[in-house]
Amino acid sequence: MEKYNPSKIEKKWQNFWLKKGFYQAKDFSKKPKFYTLIEFPYPSGDGLHVGHARSYSALDAVVRKKRMQGFNVLYPIGWDAFGLPAENYAIKTGVHPSITVKKNINNFRRQMRSLGLSFDWKREVNTTDPKYYKWTQWIFLKLFENGLAYKSKMPINWCPSCKIGLANEEVVGGKCERCGTVTEQKEKEQWMLKITKYADRLIDDLGNVDYLDRIKTQQINWIGKSFGTEVDFKLEQLDKKITVFTTRIDTIFGVTAVVLAPEHALVREVTTEEKTAEVQEYIKISKQKSEFERTKLEKEKTGVFTGSYCINPLNNERVQIWVGDYVVATYGGGAVMMVPAHDVRDYEFAKRYNLAIKEVVSGNSDIGKQAFVECGKLINSGEFTGLPSKEAINKITQLLEEKKLGKKTIQYKLRDWVFSRQHYWGEPIPIIYCSKCGIVPVSEKDLPVKLPFVKKYEPTGTGESPLGAISKWVNVKCPKCKSPAKRETDTMPNWAGSSWYFIRYIDPKNSKNLADLRKLKYWMPVDWYNGGMEHTTLHLLYSRFWHKFLYDIGVVPQPEPYAKRTSHGIVLAEDGRKMSKSWGNVINPDDVVREHGADTLRVYEMFMGPFDQMIAWDTKGMIGVRRFLERMWNLTLACVNNKKSDKEMLSAFNKLVKKVSEDLDSAKFNTAIASFMEFSNLMSANQGKVGKDIIEKLLILFAPFAPHITEELWRKIGKKTSVHLQKWVGYSEELIQGEKITLLVQINSKLRDKIEVVPGVGQKEIEAMVLGNGKIKKWLEGKEVKKIIFVPNKLINIVL
RNA sequence: GCCGAGGUGAUGAAAUUGGCAAACAUACAGGUUUCAAAAACCUGCGAGCGCAAGCUCUUGAGGGUUCAAGUCCCUCCCUCGGCACCA
């Protein structure tokens, strides 16, 4: 008998499938559509990671089954190819990023094909292709047109030694990733996108999609919506006020100070003359602290008294005004009312500076020792004394609103999206600065604004993007008045191209639109999107935001892009660490394919553990899968000449069909594979009892997981058309049940015996069988039967 | 600190959602085959007692609900992921 030899068969079938175009999705097909999306990779020089292979093959199994079930499947692939590694490589070697990227893409494509992934290669997209990023820029213009893109001074991470702005990912532990210098914050005018305008809808619409719960909660926490009250504290000396935000207005009688962030606009004005030097020194020091230090020093709350006072609007007490850098400048107006008795941070601050601690909510803790932060009954609170916190919050807010001293309000942790990067290898932001007309958008007909090809990619040293040095490209005429003007030299962040790529797959060649609306109506939304947990709060949120915006301007037909989102766990190296070249522990899928074949790699990656769980590679475990495939090969060829399968095997097989079908739909790939193994063990013990009927169906059932070996065997048993074009296998509940079931017999909930019965027997009959049974009798002797629990077709429990 | 996910054999893990704990796989041990090795195949494999039939114990710790708990409830410990002075 011929032996299983993956290297001999895999390439052959891959070429065959590609040539026949088996996996191309058809627009407007009458079949129901099923759009499955995996996160398109950044084509790094390291090639495909086994982690990519894991999620791609698992979803590949899902879509292969869907096709067999009669769905018109779209399973596309593309390249998220803008990014720093290519730019850094270009700085080092002078090789243009587009050349590096092209080379890497070719390698990725070869690797993916060698795994037999059933992507629709006709729909490939590449974010660095001007025909693609033309539309990324177009979306930016629309955002600008609709007031959702604006310029603002924002700090960037600055390496004083490299003289370059750094992305957050390039700052490791407060230091520049390349040279180790401590980074600084530098203010720079940057483009911002108003994602905060969509905060509510981004939360609310989570109710209409099927995402894993932890993905939903992570997004909700990230957006961080909280309900509270804004209160005005009038200044004692000036005719101005400080507005603070609080979620606990019920504690306002306990205010002993108001604390401003160092960046707060009123700091200068409220500082008295004799305090000016001290306050300015404090602000200077806190500015010098990098973001990193600020969070490291979390526990140390410092501040300085400004010398002036404001008035508590409820009890007209004089309240000291302080400056403290524990107050977040960008949240709630950058000012807080300090209630030491009922806030942990304020408590610490008050202790440090000997400020009064006034208890206004009674609770079970000792205010002398720590703050009481829960709700309770109000005390020492004038007319509100005695009210429970919740009620007091409403009443006090109402009063403030009547007196026009405050109002109910909502705050979010979510900030607007900093959209500028000072790098070369990204989409140019399509904006022109004219000294007369100001900010002028590039007109749509002039898109794309192409990246200029240059010889040098070094940063300019001024904090501007390398594009700033290319005067030929920078200097243009104003589209409005034709006078000399300059291009925006910042580029877009990596997240731009990936925020809408799933739309482009639907109509990748369209030169008039992002995508044709009719096609979008057919294909959207994505039915199943799988990706990494690390993208939950950035990519996933950004792309939902863009999609909602595109929906609002009528470009896409639905408000939510993804109907379902799951996530896969990272694949670690055998030593339990992350795979990394420097550790020397990287598993290269090419090596695995060469040695054991793509099917072994695919099946092993599905079998290794629960799909959503982080898991370490185990070469030994993979060899077990190789052995299993060989067993399947041998058993198929051994059994196919048997005429008929026996009933017991048919029942087991029907069970398998049910299990595999359900597990695929719920991403339980590991148990699906385990069931195949179990069945193969059963087959091997009952070789004479498995016939051609089962073998044929088994190959179809297994085809989504191991497409090559099943295709080869399918032909070997004499079939003329591909196994992947067969109809999915159904199962019958009746056959599953079989003729006999095992019923458990328990005495006092302890298993004492098992009996074989026909399905559906009643309690009386079982009781008769059991109570007379010799095995059981000895347990009953001298005891009284108190109760009998009977679960049909499952167990009988006799309680003594 | 807060939010989320977990804690089951030597190891990766199963457990129809309250009904046989440890499926499947790896590792290990013994055997068949072989001049030998590898491969393949067979047997065993949570712990304890026992010649055996069998019995008892066992899912991070402790308590509870139930005829029945890995699964539900309470208290606590530990690991991982996210957020982190957001008032």
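Chain identifiers are assigned alphabetically (A, B, ...) following the order of the sequence lines, protein sequences preceding nucleic acid strands; residue numbering begins at 1 within each chain.
Nearest heavy-atom pair across A/Ser57 and A/Arg602 is CB-CG, 3.9 Å. Nearest heavy-atom pair across A/Glu605 and A/Val50 is OE1-O, 2.7 Å. The two residues A/His264 and A/Gly333 make their nearest non-hydrogen contact at CD2-O, 3.3 Å.
Heavy atoms of A/Arg752 sit under 4.0 angstrom from primed sugar atoms or phosphate atoms, though from no base atom. Nucleic acid contact class of A/Tyr412 (heavy atoms, under 4.0 Å, all strands): none. A/Lys786 comes within 4.0 angstrom of no nucleic acid atom, judged by non-hydrogen atoms across all strands. Heavy atoms of A/Asn681 sit under 4.0 angstrom from primed sugar atoms or phosphate atoms, though from no base atom.
Across every strand in view, B/A87 sits unpaired, with no contact that passes the Watson-Crick or G-U test at under 3.5 angstrom. In this structure, B/C55 and B/G48 make a Watson-Crick or G-U wobble pair, each of the two defining distances being under 3.5 angstrom.
Side-chain atoms of A/Lys413 stay outside donor-acceptor range of the base of B/C83, with no qualifying N/O pair under 3.5 Å.
A glycosidic torsion no more than 90° from 0 defines the syn conformation; B/U75 lies beyond that range and is anti. Syn is the glycosidic conformation of B/G9, whose angle stays within 90° of 0.
A perpendicular orientation is assigned to the rings of A/Tyr604 and A/Trp617, their planes being inclined by more than 60° (bins at 30° and 60°).
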